[in-house]
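What follows is a single structure, written as structure tokens, with notes after it.
Remember, predicted model here, so these are calculated numbers, not experimental data. Here is the naming used below: chain letters follow the sequence lines, and residue numbers restart at 1 for every chain.
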Amino acid sequence: MIHDEYFGTPERRKILTGIILLIFAVLMVRLYQLQLLYHGELDKKSEENSIRALVKEPIRGYIYDRNGKMIVDVGPSYTVMVIPAEFDRSNLPFLSSILEMEPRAIEERIARARAYSPFLPSRLKRDVDIKSLATIEEHLPLFSGISYQVESKRSYPTPAHAAHLLGYSREISDAQLSQVGEYYRQGDVVGIAGLEARYENLLRGEKGYEYVSVNSRGQIIGSFEDGGRDVTSKEGFDLILGMDVDLQAFAESLMTAHAYGGAIVAMDPKNGALLAVVSKPDFDPAIMSGVTPAEMWGRLNTDESKPLYNRATLTRYPPGSTFKMVLAAAALEEGIIDERYRINCSGGFRFGNRVWKDLHVHGSTNVIEAIQRSCNVFFYQLMFKVGFEKWTEYGRRFGFGKPTGIDTGEETSGLLPSIEYYDARYGKGKWTAGFTVSLAIGQGEVGVSPLQMVRYIAALANGGTLHQPHAVQYINNKRVGKVEEIPRDAASVGLSARTMELIREGMRRVVQEPGGTASLARIKGVVSAGKTGTAENPHGEDHAWYVGFSPFDDPRIAVAIMLENSGFGGSKAAPLAGLIIEKYLYGQLRRPTPNAAPIKRDSTKAITQVILEH
Amino acid sequence: MIDYFKEYFDFKALFLCVALVTLGLLSVYSATYDVGAGATFQKQVMWAGIGFLAMLVTALLPLKSLQRLAFPIYAGSLVLLIVVLLVGKTTSGSKSWFGVGGLGGQPSEIAKVAAVLALAAFLSRTTTSLSNAKHLLIAFGIVLVPSVLILAQPDLGTTVVFSAMLLPVLYWAGAKNFVLVAILSPIIVAAGALFGTLAFLFSIGIAGVLLYITRENRFVAAVAFGLTLAVGLSVQAVYERMPPYQQKRIDTFLNPNLAPRGAGYNVLQSKVAIGSGGIFGKGYLQGTQTQLNFIPEQWTDFIFCVPGEEFGFVGASVVLIFFTALLLHGVNVAGMSKNRFASTSAVGITGILATHMLINIGMSMGILPVIGIPLPFLSYGGSALIANMMMVGLLMNFYSNRKEH
């Protein structure tokens with residue numbers, strides 16, 4: 001080596017040592033950065049990386065009646081699951097035949113599941129019958145990526161349907177999914193109608209999560225920390241209804257026996273709790289649990305008898321004579337008349353060049369007798385004494401023309417005509433007092449729901465308190481382990497005791513006295529009160545109304561019955577009320593057979609001309 | 001007796017090497033724990049055993065025969081490199097591996113050792129002068145020929161290690177500063193070219209200034225500058241011809257957010273693994289990143305994540321400290337050796353190990369581009385482990401013979 005004055009000099013040795021120490025320092029600083037400074041952030045990332053949460057479905061809350069009888073139960077349901085990444089397409093035809101699903105439908109479900117996660121199980125088909133499940137289980141080794149899980153579906157242990165009140169739950173739709181946000185995912189069940197929808201947040205419970213470790217491809221390789229961090233699902237809260245499920249079933253059976261279409265609503269006048277809510281024709285809510293075949297769903301929707309339509313809260317028929325107490329209350333409360341005020345009913349009422357006929361000639365009649373006998377002439381002329389404006393005001397006091405605030409879902413506001421309404425409808429000055437004559441006897445444009453009617457009658461029964469009608473009285477709050485009462489609104493209709501007394505006396509006589517229109521509602525041993533009505537129906541046979549309460553001195557039940565196309569309320573609706581009240585007060589019927597002769601009709605054809613809200 | 005052994009036997013190198021290999025076996029076991037751990041781990045244990053024997057044999061060879069055999073070994077390694085290009089197996093995009101039956105290896109690993117020895121043998125000849133341009137070119141050639149053959153596989157990582165060893169060796173062997181600057185300039189400019197026009201111009205400026213300061217002859221300096229420019233300009237052309245996976249590696253190093261699930265994914269997951277280890281780590285076999293295979297082929301290039309995640313800052317520091325101690329020991333041996341061949345070889349070996357450590361750990365922690373080179377002693381791989389242990393064997397040999405001229 002010629003050129004060696006620089007070979008391996010101590011200086012060069014120091015430089016090399018320095019470079020090595022520099023490298024060491026740089027790497028140590030970076031190590032310190034990653035493991036100490038950024039540790040928190042990177043540790044979180046690492047956990048997110050390797051842990052997945054599997055959803056554990058909670059058990060939906062139960063629904064009980066006022067006596068603790070279970071109305072809505074939860075039963076097992078088998079759901080076939082698929083892990084998209086592991087699914088072998090060659091099994092498609094076989095799987096399709098077992099599940100009775102089109103191959104294309106299966107592929108579409110799998111594609112959507114893949115979008116959620118290719119490696120986590122998603123629902124392929126809900127509520128698979130036990131036979132198909134057995135076939136799948138038998139061939140499970142063949143079906144890679146296919147598994148099943150036990151879920152729950154609704155079952156209904158009582159003969160009562162109460163379908164419109166209870167509502168139903170179904171698999172969440174895409175549209176809902178985009179609206180309701182984070183809690184739900186494809187395949188989840190959500191309340192669609194009735195209590196199931198209104199109390200969804202309480203009934204659904206809380207999903208649990210099972211944490212599993214996954215590898216970098218997202219495949220599950222075991223439980224995470226031996227399940228130490230798993231969150232168990234929380235059962236949904238139970239609903240305890242004001243309903244008497246035996247009464248509900250009985251009321252439904254009466255409607256079915258007579259093949260009536262219409263509604264029965266029974267209420268506890270003391271607090272507004274709904275004892276029974278019947279709307280006929282109806283459907284068995286059990287067909288809505290699990291998976292409703294598309295064909296069945298289509299039939300329910302297109303059936304011209306509209307079985308899905310809740311006649312108890314959505315129909316808007318004229319109340320007929322059952323509305324007369326509103327006008328009577330206005331006249332008495334405003335001091336326009338008292339019980340000594342009498343008119344002579346000649347069987348007709350002339351106003352301008354028109355004559356409104358009465359059914360009977362009632363002769364000399366005061367307000368009590370006018371209610372008892374349902375004298376139209378008395379109320380025709382009373383309308384002019386009281387005035388349209390007052391009539392509207394007292395109608396409002398009884399809650400007409402606005403929603404009741406019921407907790408079961410949709411309801412109609414009905415229609416309570418007012419000066420503003422006519423001005424808007426016909427134009428100012430383009431309508432006359434003659435327009436209001438029919439309103440005096442509850443005919444014409446006034447429209448009410450059976451629910452509004454029962455509340456009105458309950459207010460007359462309880463001395464003037466208008467309660468918010470409600471199906472649910474208590475909630476079994478499983479989080480705090482307490483049964484909690486739900487507070488409800490109440491308002492006074494603002495009638496004096498004297499006014500109430502006179503009107504109630506009229507209603508008592510309707511049932512209890514000779515000459516009353518609802519003697520068929522009479523029950524042995526109990527004094528009842530009520531009022532019949534007939535809603536004129538320009539499209540067909542009239543609708544029958546009956547409203548009533550019992551016992552007279554300490555009312556425990558108020559009931560409103562509306563029978564579509566059934567004619568006069570006194571003969572069709574009143575007997576049903578008698579049976580329902582008797583059943584409720586005594587727990588059973590005390591007479592050998594119902595005293596109304598069954599009339600067989602095809603209910604699916606008989607019901608027409610339902611006045612729809614929109 | 002013990003003192004005698006201490007005098008002639010390099011316990012320090014032995015201890016550091018065995019410690020690092022042990023940490024490596026633990027890491028490989030952990031990284032392959034759920035993916036057929038048995039086979040991979042057992043193979044690595046076998047390689048470590050063979051490597052240990054190779055290390056001891058190398059340590060005990062007579063120094064003079066080593067020096068004499070340097071060129072034949074070098075020639076043999078070149079033949080192997082050519083053969084592997086012709087009949088080699090392609091693994092992950094590179095034709096770098098060949099074998100007969102169950103045995104086989106990467107000739108490039110052996111070529112590293114061979115090239116160091118050859119370079120050292122050449123530079124330590126009494127007739128060699130680093131001021132002689134021809135001699136300098138030969139020195140370059142000794143490294144360049146295997147580099148090109150390895151680049152043709154193509155294996156960029158090993159090529160980089162090869163080239164990087166040249167610099168400390170020439171420096172140690174007494175090259176003038178200008179020579180070193182002339183070598184370094186094209187590298188700086190080439191790197192600058194990859195970072196865009198501004199960085200390119202800036203790097204040219206730096207290279208120019210350095211060349212000007214260290215110049216001894218204006219003409220030579222000008223030529224060096226011209227070559228530097230030419231290299232810089234051709235880098236783009238070379239980049240265009242790189243296999244896409246290497247292009248991507250460079251791109252994602254320049255911009256790591258480019259493809260978090262693609263080429264940048266490894267680095268991201270590796271950083272997450274190391275960072276989530278914290279001070280004491282998640283415990284052996286408890287690292288979620290490691291055990292859940294978030295880092296593909298972690299037991300090879302990204303093995304540093306295992307001590308990082310499972311033993312934390314404490315464990316990773318131990319690895320770094322052991323490595324650094326071994327490198328410093330290498331420099332010490334070079335300084336102590338009276339024999340220039342041994343001394344130069346020791347620096348070359350130290351340079352190779354240092355480059356491996358810097359690039360591998362640097363890329364695992366996201367401060368250097370991902371160019372696939374293993375971490376010596378820790379990464380899975382038979383040829384590399386044996387070659388690396390043989391290099392430690394050489395250091396031990398030089399230590400034992402440090403007083404021999």
- Message: Counting only heavy atoms not in A/Tyr148 (residues, nucleotides, ligands), do more than 12 fall under 6.0 Å from its OH?
- Response: no
- Query: For the residue pair B/Ile367 and A/Arg30, what are the closest heavy atoms and their distance?
  - Reply: CG2-NE, 3.4 Å
- Which bit of B/Ala316 comes within less than 4.5 Å of chain A, counting heavy atoms only: side chain, backbone, both or neither? both
- Item | Value rounded to 0.5 Å, distance of OG1 in B/Thr355 from CD1 in A/Ile23 | 7.0 Å
- Task: State, yes or no, whether a side-chain contact exists between B/Ile279 and A/Gln35 at a heavy-atom distance under 4.5 Å.
- Result: no
- Mark yes when over 12 heavy atoms from residues, nucleotides or ligands other than A/Phe94 sit less than 6.0 Å from its CZ; otherwise mark no. yes
- Query: What is the minimum heavy-atom distance between B/Ala173 and A/Phe7, and which atoms define it?
  - Reply: CA-CD1, 3.5 Å
- Most contacts with chain A, counted as non-hydrogen pairs under 4.5 angstrom, among B/Asn132, B/Leu320, B/Val331: B/Leu320
- Message: Quick check: closest heavy atoms across A/Leu42 and B/Val272, and the distance to 0.1 Å?
- Response: O-CG1, 3.6 Å
- So, for A/Leu34 and B/Met365, which heavy atoms are closest and what is the spacing to 0.1 Å? CD1-CB, 3.7 Å
- Item | Spacing of A/Leu16 atom CG and B/Asn332 atom CG [to the nearest 0.5 Å] | 11.0 Å
- Note on the structure: Heaviest contributor of heavy-atom pairs below 4.5 Å to chain A, chosen from B/Gly277, B/Gly330, B/Gly281, is B/Gly277
- Honestly, the part of B/Phe122 sitting under 4.5 Å from a heavy atom of chain A is neither
- Portion of B/Thr350 that has a non-hydrogen atom of chain A nearer than 4.5 angstrom: side chain
- Note on the structure: Honestly, the part of A/Leu36 sitting under 4.5 Å from a heavy atom of chain B is side chain
- Most contact-rich option vs chain A, by heavy-atom pairs under 4.5 angstrom, among B/Ala354, B/Gly362, B/Gly312, is B/Gly312
- When every non-hydrogen atom of A/Phe24 is compared with those of B/Thr324, the smallest separation belongs to CD1-OG1, 2.9 Å
- Indicate the atoms forming the closest heavy-atom contact of B/Gly335 with A/Arg13, along with that distance. CA-NH1, 3.7 Å
- Contact winner vs chain A - B/Ser364, B/Ser276, B/Gly351, B/Pro168, heavy-atom pairs under 4.5 Å: B/Ser276
- Query: chain B: which of A/His39, A/Gln33, A/Arg12, A/Met28 shares the most heavy-atom pairs with it under 4.5 Å?
  - Reply: A/Arg12
- Taking atom CG of A/Leu27 and atom CZ of B/Phe323, what is their separation to the nearest 0.5 Å? 10.5 Å
